[in-house]
Amino acid sequence: MAVSALRVESHETPERLRALQPAWQQLGAEAHGGLPFRLWEWQDAWWQHMRARQRSVGDRLWVHAVHSEAGELLAVAPFMLTHRPSVGPLRLRELQPFGADPNMTEVRSITCRPGHEAAVFGALRAHLRTRAGEWDWMNWGSVQEGSEAEALLRAQPGVRWVRETPDFLMPLPADWETFRSGLKRNIKESLRKCYNAPRRDGLEPRLEVAEGPAQVAEGVAHFLRLHAARASREDTVRHRDVFSSDEAQGFLGDVCARLAGRGVTRVFLLHLGDAVVAARVGFLLGDSLYLYYSGYDPAFAQYSVMTTLVAEALRWSIERGLRTVNLSTGEDVSKTRWGPECVRYREALELSPSLRGSLAWDGYQRARRAMASPRLSQLAERFLKRSAG
C-alpha cells in the first residue's frame, strides 16, 4: 500500500482519544502480537494513572491514528509530547510512546495491522516531519528486529538505535510430557525437587488461576503483597518493587480489572498447604499467554516456588492448547533455562530536522553527563525523568 494513500490523524484531547476507543479495541484484537501493551485498555489506563504532571516534566497527548484510503484503521501510535520542564520557552520536547514508567510497560510499540508496517511507518514519519517544529527529538519505541519497520527506519539518515530489549517466547508442544522430556537435565532435576521437597514437609503444591473480575482483584492483592516481599530480600539477587507507588498500584489494578472484563487477565497463584506463596500476573491473548511480573513469600524460598509456579503456568497453557507463552523481557536465567526463543526489540531515536532539535539534543546530552557529578546528579535526574534515550 502506497504511503500517499494513507491518512494520518492526530488525537490531542481526551475526548478525541475516547472517540478512538472502539476502532482501537478492534485493531488491538487483531494486531496485539501477543503483547498486552498494545491494547486500548493498557494505553488508556497508563495515561490515566501514570502521565507526568509536574513542573519539572509534563506529558501532553499526541496520539496518531493511521487509516487506509477506505477509512480502515491500520495503526495507532500512542504518542505523547514530554516537556522538560513543563512550562517556559526553554523546554525540551520529546515525542515518545506512552509507557515511560520505565519498568511496567515492557515493550512500547505502535499497534499496527500485520502486513502494513512499512507503509504505516512511512506515512507516520512523513506526517510527523511536517510538524517537526513542535518536537525536538522522537523516540519510535520498541521496534522488532527483522521487521519491516526496522528496515524502513534503518534506511533513514540520522536514526539512532539505543536500548536493546530481549523478549523470550516459549513455543509449546501438544502435551506436557513432550515439553518436559525436551528440557535440559538441570531444569528437570530442579522441577523434581520443587515438587518433592514441600511434599516431604506435608505441603502439597496447588495452582489456582484467578479469571473473573472479583477473583482477579483478589489475585492482584496477593500479587502486590508477594511482589513487595520478594523485593525486600537482601540475601539474594535484588528485585525492584515496581509497584511500590500509589500510582503504579492504581494502574495495575485498573488495567487488570478492565482486561479481566474481556477475559484477558489471569493471576496464577501457587498454594502450599493453606498459604498462597507465589503469584504471577498473566494476560491471555489469542493462543498466547504473556507472563508479567511475579512475587513470592521468602519464607518458602527453599522450595523454589517461582520455578514451580512457572512450570504450572506452562502446563496450564499446554492443557488449553495455547501455542506460545511469552516469559517477558529481560535476559536472566529464570527465563533462559526453559530454552525459549529470543525476540529482540530496539528503540529508535530521530532528531527533528529543525536547528532547535539539534540544540535541544545537545543540551539533553549535557544534562545526562551532569548526572555523573554528585553535586548535580539529583537535579539532572529530575530533569531527565521519563527519558528513554
Side-chain angles (χ1 to χ4, degrees), residues 101 103-104 106 166-168 170 176 179-180 183-210 215-245 248-249 252-253 256 265-283 289-318 325-340:
D101 347 291
N103 296 102
M104 292 183 297
E106 297 181 310
D167 184 28
F168 291 95
M170 191 77 232
W176 171 253
F179 176 81
R180 191 186 64 80
L183 295 173
K184 294 180 180 179
R185 182 176 178 180
N186 63 333
I187 185 64
K188 287 181 182 178
E189 181 62 18
S190 294
L191 286 175
R192 186 184 68 79
K193 292 178 179 178
C194 286
Y195 288 95
N196 290 343
R199 284 168 177 159
R200 284 196 299 267
D201 294 333
L203 299 171
E204 182 65 28
R206 177 174 63 86
L207 178 69
E208 176 189 357
V209 183
Q215 284 184 314
V216 163
E218 184 177 348
V220 168
H222 280 299
F223 162 79
L224 289 172
R225 170 179 61 83
L226 294 166
H227 184 73
R230 178 188 190 181
S232 70
R233 291 194 66 182
E234 298 181 353
D235 57 341
T236 186
V237 176
R238 295 302 300 272
H239 292 272
R240 178 183 174 187
D241 185 354
V242 176
F243 302 97
S244 59
S245 70
Q249 291 183 19
L252 183 67
C256 285
T265 309
R266 300 290 187 273
V267 184
F268 295 87
L269 303 169
L270 181 68
H271 295 251
L272 286 183
D274 296 329
V276 177
V277 300
R280 189 156 187 177
V281 176
F283 300 99
L289 174 70
Y290 191 97
L291 287 178
Y292 192 49
Y293 280 100
S294 61
Y296 65 88
D297 187 339
F300 295 86
Q302 73 269 27
Y303 299 125
S304 300
V305 291
M306 279 313 309
T307 299
T308 309
L309 183 55
V310 172
E312 288 294 307
L314 290 168
R315 188 201 300 262
W316 180 92
S317 300
I318 290 170
V325 169
N326 193 317
L327 299 174
S328 77
T329 61
E331 198 158 6
D332 56 79
V333 70
S334 68
K335 302 177 181 69
T336 58
R337 67 189 309 191
W338 299 97

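Remember, predicted model here, so these are calculated numbers, not experimental data.
Taken from OH in Y195 to OG in S304, the straight-line distance is 11.5 Å, to the nearest 0.5 Å. Separating the CZ atom in R266 from the SG atom in C256 is a distance of 12.0 Å, to the nearest 0.5 Å. In this structure, CD1 in I318 is found 11.5 Å from CZ in R180, a value given to the nearest 0.5 Å. Residue L314 holds its CG atom at 6.5 Å from CG of L327, rounded to the nearest 0.5 Å. The distance from atom CE of M170 to atom CG of N326, rounded to the nearest 0.5 Å, is 11.5 Å. The CZ atom of R230 lies 11.0 Å from the CG atom of D241; values are rounded to the nearest 0.5 Å.
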Take M104 and Y292, measure what side chain to side chain contact (heavy atoms under 4.5 Å, CB included) needs, and give me the verdict at the end. CA-CA 9 Å; M104 292 183 297; Y292 192 49; 3.5 Å; yes
Given side chain to side chain contact (heavy atoms under 4.5 Å, CB included), test H222 with E218 step by step and report yes or no. CA-CA 7 Å; H222 280 299; E218 184 177 348; 4.1 Å; yes
Please assess S334 against M306 for the test side chain to side chain contact (heavy atoms under 4.5 Å, CB included), listing each intermediate value before the final yes or no. CA-CA 9 Å; S334 68; M306 279 313 309; over 6 Å; no
Take L207 and L309, measure what side chain to side chain contact (heavy atoms under 4.5 Å, CB included) needs, and give me the verdict at the end. CA-CA 8 Å; L207 178 69; L309 183 55; 3.8 Å; yes
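By the ring-ring contact (aromatic ring centres under 6.0 Å, His included) test, F300 is found to be paired with no residue, residues two or more places apart in sequence or in another chain being considered. Under the side-chain contact (heavy atoms from CB on, under 4.5 Å) criterion, S190 pairs with I187, R337, sequence neighbours left out. By the ring-ring contact (aromatic ring centres under 6.0 Å, His included) test, F268 pairs with W316, sequence neighbours left out. By the side-chain contact (heavy atoms from CB on, under 4.5 Å) test, Q302 pairs with no residue at all, sequence neighbours left out. For D332, the salt bridge (Lys or Arg N to Asp or Glu O under 4.0 Å) partners at least two apart in sequence or on another chain are K335. Remark: S245 pairs with E247, A248 by the side-chain contact (heavy atoms from CB on, under 4.5 Å) rule, at least two apart or across chains. Listed by chain and number, the residues in a salt bridge (Lys or Arg N to Asp or Glu O under 4.0 Å) with R280 amount to none (sequence neighbours excluded). For R240, the side-chain contact (heavy atoms from CB on, under 4.5 Å) partners two or more places apart in sequence, or in a different chain, are P102, N103. Not counting sequence neighbours, Y296 has no partner by the ring-ring contact (aromatic ring centres under 6.0 Å, His included) test.
Note on residues 226-245: pairs passing ring pair (Phe, Tyr, Trp, His ring centres under 6.0 Å), not counting sequence neighbours, are F223-H227, F223-F243, H227-F243, H227-Y293, F243-Y293. Evaluation of the salt bridge (charged side-chain N to carboxylate O under 4.0 Å, His left out) test over residues 301-315, restricted to residues two or more places apart or in two chains, returns E312-R315. Listed by first then second residue, pairs satisfying salt bridge (charged side-chain N to carboxylate O under 4.0 Å, His left out) with a partner in residues 291-311 number zero, not counting sequence neighbours.
For K193, the NZ atom counts as loosely surrounded, since its 6.0 Å shell holds 12 or fewer non-hydrogen atoms of other residues, nucleotides or ligands. Other residues, nucleotides and ligands contribute over 12 non-hydrogen atoms within 6.0 Å of the CD atom of Q249. Within a 6.0 Å radius of CZ in R185, other residues, nucleotides and ligands contribute 12 heavy atoms or fewer.
At least one side-chain heavy atom of T265 sits under 4.5 Å from a side-chain heavy atom of F283. Within the 4.5 Å cutoff, the side chain of L226 has no heavy atoms near those of the V277 side chain.
For the pair L270 and P205, the tightest heavy-atom approach, listed with the atom from each and the gap, is CD1-CB, 4.4 Å. A pairwise comparison of heavy atoms in L289 and S317 identifies CD2-OG, 3.4 Å as the closest pair. Minimum interatomic distance between W338 and L191 (heavy atoms only, all atoms of both residues): CH2-CD2, 4.0 Å. Contact detail for T308 and C194: the closest heavy-atom pair is OG1-CB, 3.1 Å.
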